[in-house]
Structure formats: C-alpha cells, structure tokens
Amino acid sequence: MNDDPLGIDPETMRRLGYRTVDMMVDRLSAVAEGPVIRRAGRTEMEELLSEPPPEEAQDYEEILGKLGSDVLPFASVTGHPRYFAFIPGCPTWPASLGDLIASVSNIENSSWLESAGPSQLELVVLDWFKAWIGYPAEAEGVLVSGGSAANMTALACAREAMLGAMSEQVVAYVSDQAHSSMARAARVLGFKPEQVRVLPTDERFRRRPDALMDAMDADLRAGRRPLFLGASAGSTHTGAVDPLPELAEICRERGAWLHVDSAYGGFAALTGRGKRLLAGI
C-alpha cells in the first residue's frame, strides 16, 4: 500500500524536480547565446508535435527532452537582452521559484476560512502597492493575473456599483490608445459596439478632455448615461499618461466611473518624474 497521498515517493519527486531545475537553469544561462525567436510554420510544428494521445505513461526524461527540443525553442525568449517586442516582464529566478511553490501548494484562496495566511499576504502586498502608487489607506482591491483581467474586473465593478443590471442606455469611453482588453471586456460584459466610444488622442497620444466632454454631453442629451471611462497611465504603445486630474473632474461632474489602466506604467510612481506624471491617480 502506498501511503503517499500524491502517488509518488519523495525521492522520485526530488529527482524529477532537480532534473527540471537543471534544465531551466541551463536554458536561462544560454539565453543571450541564441536568437530572440526561432520561427516555424504550422506544417513544421505539426510534423514535430502531432501525435495521438498516449495509451500508457511515458518516461519523464523523454517528455522533458521533447519539451526542450521541439517546444520551447520555438517561442520568443522574453529574457533575451535584444528582446524589444511587446511588454511581458523579464522572468527572474526568484519569481520562477515562487511560481513553482504556488503550483505545488495549489492554494484554495477563495475564502479566509481556507487560506488565512495567503489572504493576509495579499492584503499586505496591496498595502505596499497603495503606499507606492499613492492610493489612500482605505482603498481596496485584489491581485489578478494581469492587465486584461484587471480591466475586465474594473468594468464589471463599475457596472455593478453604478448600474446593477445591464442597460442599453449606458456608454463606456476609451481612447484610440487604450489596451485592446478594454473593448474585449466590454463585449464579454454585454456592451454592444455602439455603447463603446473610441475617442481621439492628442499629438502626444494622450486623451483629449475636450473630446471626452463633447462625447459625454452628446450622450446625455440623447438620453444615454455615461458610465465608465478607461484612462491610461502608461499606454501600451507609447507609454503615454492621460491628464488624470482633468479626466477625474469631468467624470465627477457627469457621474461616471473613472478607471485608470496602469498595469504597464503604474509603478513609475516610484520615481520623481513618474510621481509627477501620475499625479491624480
């Protein structure tokens, strides 16, 4: 009888773990020596990877070898010193180990009853974020998987707090520099295309307050309700920061919810220049 609840003995776990860590260290150590990305077409990848599902267990070394030779090489190396595409974070080894701990622990963090320690840790980290960015102590939030999830969460919170049931009369406003997740979030949450206004930016790619006022006032005259404004604090394309104090005043006057997408640029508040740019967040 195997008393191990995981169905695998500790020595085997250690052996497989050490082998996997060795592979990752070798990969990270050689990052700068290879190309930033190795491209492959669909036909080539199908020849390498397409196969029926296995009927029996496979050797872990074989699986790891296949991963190292036919899967991972055909992906952009975000930690490469010449990687300048998009904006995923450069991986760090301590963070990678943190992900390993999180995966092994598989924490159920949906309630305090089940995970008091992780729940308190989340609150502590959020307190750090508030202090760094300049939010008031009573501000609240949650940690999510990334900017796209954060934008959808913000729009959902705005709709629930300001409206409740969805209405065809409400309007959300984004700029032509807003992250694409804003439009996707609106679709997921039931906004029709005509309920999302995409407004122009100025010569520095910042939202124009005059265009926002004109759009909101036109909607009000037409019997629609301005519900949500998605502003940028470091847009994805250019790093532009919208004029947050002016936008906040416009939203306050018209009863709209102001959301600032700072997934990319928010922590610039840790610098003197960034703190000035993000004043009003």
Side-chain angles (χ1 to χ4, degrees), residues 6-8 12-104 106 144-153 155 174 176-193 196 198 205 232 234-239 261 263-264:
L6 297 178
I8 183 171
T12 300
M13 284 192 281
R14 288 191 179 92
R15 179 175 58 82
L16 300 183
Y18 292 151
R19 178 66 186 89
T20 304
V21 167
D22 287 343
M23 174 189 173
M24 290 293 95
V25 171
D26 290 342
R27 176 175 168 80
L28 289 176
S29 300
V31 157
E33 299 173 6
V36 176
I37 184 170
R38 180 180 171 189
R39 299 183 182 278
R42 179 66 180 269
T43 300
E44 181 180 355
M45 295 312 303
E46 286 182 343
E47 291 175 353
L48 286 173
L49 297 175
S50 292
E51 59 184 47
E55 296 292 338
E56 298 178 354
Q58 293 178 291
D59 180 71
Y60 185 76
E61 287 285 347
E62 181 182 343
I63 296 172
L64 207 60
K66 185 82 170 175
L67 184 68
S69 63
D70 297 345
V71 179
L72 295 180
F74 299 96
S76 56
V77 183
T78 58
H80 198 287
R82 294 194 302 277
Y83 181 87
F84 301 119
F86 310 111
I87 54 168
C90 178
T92 67
W93 189 241
S96 301
L97 295 177
D99 285 340
L100 174 60
I101 293 170
S103 295
V104 172
N106 195 31
V144 295
S145 59
S148 295
N151 280 332
M152 186 164 73
T153 301
L155 182 55
V174 298
D176 57 17
Q177 298 297 308
H179 192 268
S180 58
S181 62
M182 291 302 315
R184 292 199 303 270
R187 288 198 299 271
V188 169
L189 292 170
F191 288 76
K192 295 181 178 180
V196 180
V198 181
F205 304 104
S232 295
S235 62
T236 305
H237 292 148
T238 66
D261 179 357
Y264 179 34

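Atom CZ of R184 is separated from atom CE of M152 by 9.5 Å, given to the nearest 0.5 angstrom. Atom CZ of R15 sits about 7.0 Å away from atom CD of E61, to the nearest 0.5 Å. Remark: D22 CG to L64 CG distance equals 10.0 Å, nearest 0.5 Å.
Each side chain to side chain donor-acceptor pair (under 3.5 Å) pair with one or both residues in residues 25-42, not counting sequence neighbours, appears once here: R42-E46.
Counting only heavy atoms from C-beta outward, the side chains of F74 and L48 approach each other to under 4.5 Å. Using a 4.5 Å heavy-atom cutoff, the side chains of F84 and V36 are not in contact. Looking only at side-chain heavy atoms (C-beta outward), I37 and V77 stay at 4.5 Å or farther from each other. Looking at D176 and H237, their side chains never come closer than 4.5 Å, going by heavy atoms from C-beta outward.
For the residue pair S232/D261, the side-chain donor-acceptor check at 3.5 Å is not satisfied. The closest side-chain donor-acceptor pair between T20 and Y60 falls under 3.5 angstrom. For H179 and S181, the side-chain atoms include at least one donor-acceptor pair closer than 3.5 Å.
For T78, the side-chain contact (heavy atoms from CB on, under 4.5 Å) partners are S76, Y83, P88, P91, not counting sequence neighbours.
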Check against side chain to side chain contact (heavy atoms under 4.5 Å, CB included), Y18 and L16
CA-CA 6 Å; Y18 292 151; L16 300 183; over 6 Å; no
